[in-house]
Amino acid sequence: MSGRASMAGASAQARYRSLRAEQRQERAVARLVISGVAGSMAAGLFGWLPGLAVGLALLFGQTFYFRIRPGRARNWRRGAAAERRTGRRLSRLDPAYFHVLHDRALPGGLRGNLDHLVVGHTGVYAISSRRWPPLTRLRRDDGRLWAGRRPLARLPVRARRVADALADRIAAETGQDVEVSPMIAVHGGRLSRGGILFDGVLLHRAERVNRLIERQPVLYTTAEVAAIAAAAERALPPMIDI
């Protein structure tokens, strides 16, 4: 993997490690106390060997549960993994025609980060990586965007807001109007082969994003691509550095 691709998901991974470190000590104490008490009770009733077995079983069971249970740390870990997978795919775009940035701070006072920015002959793309459980169906219905039974009201609004802010910042840097296309790289969830276009935001399977970008009409010359990419580098510092 290239150095740039390896930056994908860096801030999300750092956040996951921070949360995990905060929780590790308190969870370890809780596991030992619960396992010790249960093991002692079982030993008093059935002997030391069954008590030891009960204590160890509870210890490993709790470790496994804390690893897979829903929670902030788990969400950050899975988000970072999705960003890395998208980053590896985007790194396969021809560097002669496309510049790719990962995990960048947002301009204009917007909170959070931009997962990926692609600047190429076919346009400029602000890409967010999102993961859903494998059986979750993404669809457009009744004028709303859905993930299973859950409406996704904020996701397209934020994607458009980020793309607009990037377009304004790049235009200010280059003196050239630039349209930034918002995209969601979907991991895990099910959606139609052609993706979903909702309110100007395209949701598409992560493994098909490269082909989609490459097949768009040519909009910029090599010199324009270089100028836009340089402006983006100046305007969007790496999130991990902030």
Side-chain angles (χ1 to χ4, degrees), residues 1-11 82-110 112-130 155-186 193-241:
M1 189 190 308
S2 69
R4 288 185 180 275
S6 66
M7 292 180 63
S11 62
E83 289 183 43
R84 289 195 299 269
R85 286 195 293 270
T86 304
R88 286 193 292 268
R89 295 182 185 281
L90 294 176
S91 69
R92 299 169 192 164
L93 290 168
D94 190 338
Y97 302 102
F98 296 95
H99 296 257
V100 185
L101 306 180
H102 303 285
D103 198 19
R104 296 291 170 139
L106 294 172
L110 290 174
N113 70 307
L114 172 65
D115 295 343
H116 321 277
L117 181 71
V118 176
V119 180
H121 285 215
T122 63
V124 182
Y125 306 88
I127 303 174
S128 299
S129 293
R130 292 292 182 272
L155 183 62
V157 171
R158 176 173 171 78
R160 287 197 317 275
R161 187 176 299 165
V162 167
D164 290 343
L166 291 174
D168 291 343
R169 188 61 181 270
I170 292 172
E173 290 278 345
T174 63
Q176 174 185 1
D177 288 336
V178 174
E179 181 179 354
V180 178
S181 301
M183 296 177 61
I184 309 295
V186 176
R193 185 174 181 83
I196 302 172
L197 183 62
F198 183 85
D199 207 8
V201 180
L202 179 63
L203 289 84
H204 215 279
R205 297 291 305 174
E207 61 268 22
R208 296 173 184 160
V209 167
N210 280 22
R211 181 176 296 182
L212 177 70
I213 291 173
E214 291 168 333
R215 291 185 173 183
Q216 299 305 304
V218 173
L219 298 178
Y220 300 116
T221 66
T222 300
E224 289 173 325
V225 169
I228 295 170
E233 285 271 13
R234 294 191 299 269
L236 307 173
M239 187 68 180
I240 198 68
D241 293 342

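Everything numeric here is computed off the predicted structure, so don't read it as measured data.
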When rounded to the nearest 0.5 angstrom, what is the spacing between CG in D115 and CD1 in I184? 8.5 Å

Roughly how far, to the nearest 0.5 Å, is the CZ atom of R88 from the NE2 atom of H102? 11.0 Å

Starting from the C-alpha separation in whole Å, work towards a yes-or-no answer on side chain to side chain contact (heavy atoms under 4.5 Å, CB included) for R215 and L212. CA-CA 5 Å; R215 291 185 173 183; L212 177 70; over 6 Å; no

Minimum heavy-atom separation for G120 and F98, please, with both atom names. CA-CD2, 3.5 Å

Residue pair L166, R104: steps toward the side chain to side chain contact (heavy atoms under 4.5 Å, CB included) verdict: CA-CA 11 Å; L166 291 174; R104 296 291 170 139; over 6 Å; no

For L90 and V100 the tightest heavy-atom approach is O-CG2, 3.9 Å

Which atom of L236 lies closest to which atom of A105, heavy atoms considered: CD2-O, 3.3 Å

Kindly compute the distance separating CD1 (I127) from CG (L117), expressed to the nearest 0.5 Å. 8.0 Å

Between A229 and V119, the two heavy atoms sitting closest are N-CG1, 4.0 Å

Of all heavy-atom pairs linking A227 and T174, the shortest is O-CG2, 3.9 Å

Between R85 and E207, does any side-chain N to carboxylate O distance fall below 4.0 Å? no

Do any N or O atoms from the side chain of T122 and from the backbone of I213 form a donor-acceptor pair under 3.5 angstrom? yes

Hey, does V186 have a side-chain heavy atom less than 4.5 Å from the side chain of R130? no

Report the distance from atom CG of N210 to atom CZ of R92, rounding to the nearest 0.5 Å. 7.5 Å

Member of E214, R89, M183 meeting the side chain to side chain contact (heavy atoms under 4.5 Å, CB included) criterion with V209: M183

Checking the side chain of R169 only, and the main-chain atoms of P107 only, is there a donor and an acceptor separated by less than 3.5 Å? no

So with a 6.0 Å cut-off around CZ of R234, is the heavy-atom count from everything else above 12? yes

Mind checking the CG-CG spacing from D168 to D177? Nearest 0.5 Å is all I need. 9.5 Å

Note: V124 and V178 closest approach over all heavy atoms is CG2-CG1, 3.7 Å

What distance do H116 atom NE2 and S128 atom OG have between them, rounded to the nearest 0.5 Å? 7.5 Å

Verify the neighbour count for atom CG of D94: are there more than 12 heavy atoms of other residues, nucleotides or ligands below 6.0 Å? yes

